[in-house]
There are 2 protein chains.
Amino acid sequence: MKKRSYQQYCPLATGLDIIGQRWTLLIVRELLIAPKRYKALLENLPGMGTNLLAERLKTLMNLGVIEQIVQLTPCVSKVYQLTDLGQELEKPVLALTQWGSQFLKKKPPKFLFRPEWVLIVIKAAFNPQKAAYLSICCEWHVDGLIFYIRVDEGRLEIKLGAAENPVATVKTDGPSFAALVLGESRLKDIIVKGAFKITGSGLAVVRMMQILCIQDSHTQSEIA
Amino acid sequence: MKKRSYQQYCPLATGLDIIGQRWTLLIVRELLIAPKRYKALLENLPGMGTNLLAERLKTLMNLGVIEQIVQLTPCVSKVYQLTDLGQELEKPVLALTQWGSQFLKKKPPKFLFRPEWVLIVIKAAFNPQKAAYLSICCEWHVDGLIFYIRVDEGRLEIKLGAAENPVATVKTDGPSFAALVLGESRLKDIIVKGAFKITGSGLAVVRMMQILCIQDSHTQSEIA
DNA sequence: CTGCATCCGCCTCGATACTG
DNA sequence: CAGTATCGAGGCGGATGCAG
């Protein structure tokens with residue numbers, strides 16, 4: 001039960017002592033998307049032993065990174081969620097996500113995929129400057145997952161669930177959505193393939209995707 | 001020799017497959033400060049097996065994160081340094097550093113300490129808005145380590161070595177420097193203790209430290 | 001002396017089985 | 001559903017050996 005520590009008076013080493021072990025940041029990723037119950041975490045983290053998950057959750061709770069609460073909607077259940085301290089891990093997670101995305105392209109398609117993870121990529125790649133003077137809200141249905149993306153006054157909002165007043169609704173499949181966001185496919189090609197069904201303003205969707213797709217760092221620095 | 005992978009089509013998981021193993025990000029931290037030779041890395045990472053360091057370095061080289069070059073100054077030697085790809089890890093490292101710094105305060109003083117690490121904290125905590133309209137360059141001698149910090153037009157520059165035209169030169173010890181940057185001691189108290197010797201403009205040093213010290217997140221959000 | 005490679009004991013991890 | 005218990009395998013840490 002004793003922990004392995006770097007024993008260094010350094011914030012990075014101290015942080016890694018807490019969230020640097022295997023699987024821990026992936027647990028945080030899952031909870032950044034939404035609070036989840038024990039079983040849901042296990043399902044999204046295949047390969048992780050159930051004992052290890054239990055121990056990680058216990059440790060993170062002791063450290064005040066996550067907490068366990070009783071959720072009332074949509075049904076009564078015990079779920080784990082990030083505390084404010086844990087929520088502050090969003091910045092590091094997004095930074096690592098942005099860095100890691102350039103290695104993703106040549107990955108075998110056998111790997112596990114969840115459309116929620118693409119939402120993190122969008123957050124990581126978001127550039128407020130590109131979104132200036134735009135105000136769009138789209139609802140998405142990707143592999144059964146429903147969420148909306150709202151861009152307004154240079155701010156980005158992504159939430160699970162249906163939107164209130166979307167200007168467009170898009171239905172597509174996970175791989176197409178990922179390829180689009182990662183810049184591996186063009187919107188035009190995916191629409192032609194028929195994997196993209198738009199209800200409402202198509203122009204709004206086009207505009208939004210111009211903002212959300214990953215750009216290479218050269219392009220980004222030009223704009224900044 | 002086979003690697004353990006998360007097998008997920010997710011940028012975060014992919015990134016962690018590369019730099020998520022034990023010690024790897026600390027190697028990156030060392031190389032973010034300056035290129036180093038094998039032995040120097042080993043000295044700054046006590047507890048790490050020499051075999052493990054060799055294997056990590058090899059892996060990182062194969063992945064294009066670091067490279068080995070022949071350094072000519074100050075003496076001819078083979079050193080490891082970050083590639084452009086590796087340099088892009090600065091953002092994640094700084095983000096994790098900022099997060100981890102709030103856990104640092106109650107750490108036992110027996111832990112290993114290097115003044116270079118404080119430089120990363122300064123970079124992580126730097127807020128361009130606070131530095132607006134300021135132009136200061138100070139040279140520091142901390143536990144024998146010489147470096148300078150330049151603030152100019154909202155930009156921060158930290159480099160090892162002597163400054164060209166510093167408005168002030170400060171000599172102090174590592175713990176005082178760390179306590180100051182981490183906001184655990186006030187500049188006044190450290191000067192009174194005699195652990196702080198300023199040559200040149202004392203006001204410049206005071207101004208600069210107001211910028212460089214860690215602020216709690218509440219204060220930062222007020223300014224932003 | 002630096003820059004690794006080899007060997008070995010141990011701790012962590014991953015899979016399965018089991019319990020409240 | 002939410003964990004706990006168990007155990008084999010593999011990554012890690014320390015000591016040592018060796019070549020340039």
Side-chain angles (χ1 to χ4, degrees), chain A residues 1-8 13 16-27 30-31 34-62 66-81 111-112, chain B residues 1-8 13 16-27 30-31 34-63 66-72 74-81 111-112:
Chain A
M1 251 333 190
K2 57 193 166 191
K3 284 191 312 180
R4 205 177 247 174
S5 163
Y6 289 118
Q7 308 258 82
Q8 295 187 354
L16 289 176
D17 277 339
I18 296 174
I19 50 80
Q21 301 149 307
R22 193 162 165 76
W23 294 110
T24 304
L25 264 192
L26 295 190
I27 295 174
E30 290 302 313
L31 299 183
K36 284 188 175 61
R37 48 168 59 196
Y38 189 88
K39 194 189 181 186
L41 286 171
L42 262 186
E43 285 172 352
N44 278 356
L45 302 173
M48 184 181 198
T50 169
N51 56 342
L52 198 55
L53 176 59
E55 194 237 317
R56 291 280 190 273
L57 290 172
K58 208 182 295 176
T59 303
L60 289 175
M61 282 185 58
N62 288 336
I66 65 174
E67 58 191 353
Q68 195 174 30
I69 63 155
V70 176
Q71 189 186 52
L72 297 179
T73 55
C75 63
V76 179
S77 63
K78 285 197 304 180
V79 296
Y80 292 94
Q81 72 177 15
F111 281 11
L112 181 70
Chain B
M1 248 330 191
K2 56 193 166 190
K3 285 192 312 182
R4 205 177 247 173
S5 163
Y6 289 118
Q7 310 258 76
Q8 295 187 355
L16 290 175
D17 277 338
I18 297 174
I19 49 82
Q21 300 149 308
R22 194 162 165 76
W23 294 110
T24 304
L25 264 192
L26 295 189
I27 295 174
E30 291 302 314
L31 298 182
K36 283 188 176 61
R37 49 166 55 197
Y38 188 89
K39 196 189 180 185
L41 286 171
L42 212 51
E43 284 172 353
N44 278 356
L45 302 173
M48 184 182 199
T50 169
N51 56 343
L52 198 55
L53 176 58
E55 194 235 315
R56 291 279 190 273
L57 291 173
K58 206 183 297 176
T59 303
L60 290 176
M61 282 184 60
N62 288 337
L63 291 166
I66 66 175
E67 58 192 351
Q68 196 174 29
I69 64 156
V70 176
Q71 188 185 53
L72 298 177
C75 64
V76 178
S77 63
K78 285 197 305 178
V79 296
Y80 292 94
Q81 72 176 13
F111 280 11
L112 181 69

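A, B, ... follow the sequence lines: proteins, then strands. Residue 1 opens every chain. Note that these values count all heavy atoms, side chains included, but never hydrogens, waters or copies made by symmetry.
Without hydrogens or angle criteria, T24(B) side chain to G20(B) main chain gives no donor-acceptor distance under 3.5 Å. When atom types are taken as modelled, the side chain of R22(A) and the backbone of M48(A) share no donor-acceptor pair closer than 3.5 angstrom.
Of the residues L57(A), I19(A), I66(A), the one that meets the side chain to side chain contact (heavy atoms under 4.5 Å, CB included) test with I27(A) is L57(A).
With DNA chain D read from its 5' end, the first of the two nearest nucleotides for L42(A) and Q21(B) is the one closest to L42(A).
In this structure, the separation between CG on N51(A) and CD on E55(A) is 8.0 Å, given to the nearest 0.5 Å. Once rounded to the nearest 0.5 Å, the distance linking CD of Q71(A) with NZ of K36(A) reads 10.5 Å. Once rounded to the nearest 0.5 Å, the distance linking CD1 of I18(B) with CG of L25(B) reads 11.5 Å. One finds the CG atom of L60(B) at 12.0 Å from the CD atom of E67(B) (value rounded to the nearest 0.5 Å). Atom CG of D17(B) is separated from atom CD of Q8(B) by 8.5 Å, given to the nearest 0.5 angstrom. Between atom NZ of residue K3(A) and atom CD of residue Q21(A) there is a gap of 7.0 Å, rounded to the nearest 0.5 Å.
Between Y80(B) and dC4(C) there is a side-chain polar atom (N or O) within less than 4.0 angstrom of OP1 or OP2. Within the 4.0 Å cut-off from OP1 or OP2 of dT2(C), at least one side-chain nitrogen or oxygen of K39(B) is found. For dA5(C), the OP1/OP2 oxygens have a side-chain nitrogen or oxygen of K58(B) closer than 4.0 Å. At the phosphate of dG11(D), neither OP1 nor OP2 sits under 4.0 Å from any side-chain N or O atom of R4(A). Phosphate contact (OP1/OP2 of dG11(D), side-chain N/O of R22(B), threshold under 4.0 Å): absent. In this structure, R37(A) does not reach the dG3(D) phosphate: none of its side-chain N or O atoms is under 4.0 Å from OP1 or OP2.
Between the CG atom of L26(A) and the P atom of dC13(C) there is a distance of 13 Å, given to the nearest Å. What separates CH2 of W23(B) from C1' of dC11(C) is a distance of 15 Å, to the nearest Å. One can place CE of M48(A) at 13 Å from C1' of dG3(D), the figure rounded to the nearest angstrom. dA15(C) atom P lies 10 Å from atom CD of Q7(B), rounded to whole Å. The distance from atom CD1 of I66(B) to atom P of dG3(C) is 13 Å, rounded to the nearest whole Å. In this entry the distance linking CZ of R56(A) with C1' of dT4(D) reads 16 Å, nearest Å. If you take CG of L52(B) and P of dC8(C), they are 19 Å apart, rounded to a whole angstrom. To the nearest angstrom, C1' of dC1(D) lies 11 Å from CD of E43(A).
Relative to the side chain of Y38(A), the nucleotides dT12(C), dC4(C), dG3(D) differ in distance, and dG3(D) lies closest.
By the 30° and 60° cut-offs, the orientation of the rings of Y80(B) relative to Y38(B) is tilted.
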Under 3.5 Å, which N/O atoms of the protein pair with N/O atoms of nucleotides 16-20 of chain C?
none

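End-to-end axis angle of the helix from dC1(C)-dG20(D) to dG20(C)-dC1(D), using five pairs per end and rounding to 10°, comes to 30°.
Across all strands shown, Q68(B) has heavy atoms under 4.0 Å from sugar-phosphate atoms exclusively, and none from any base.
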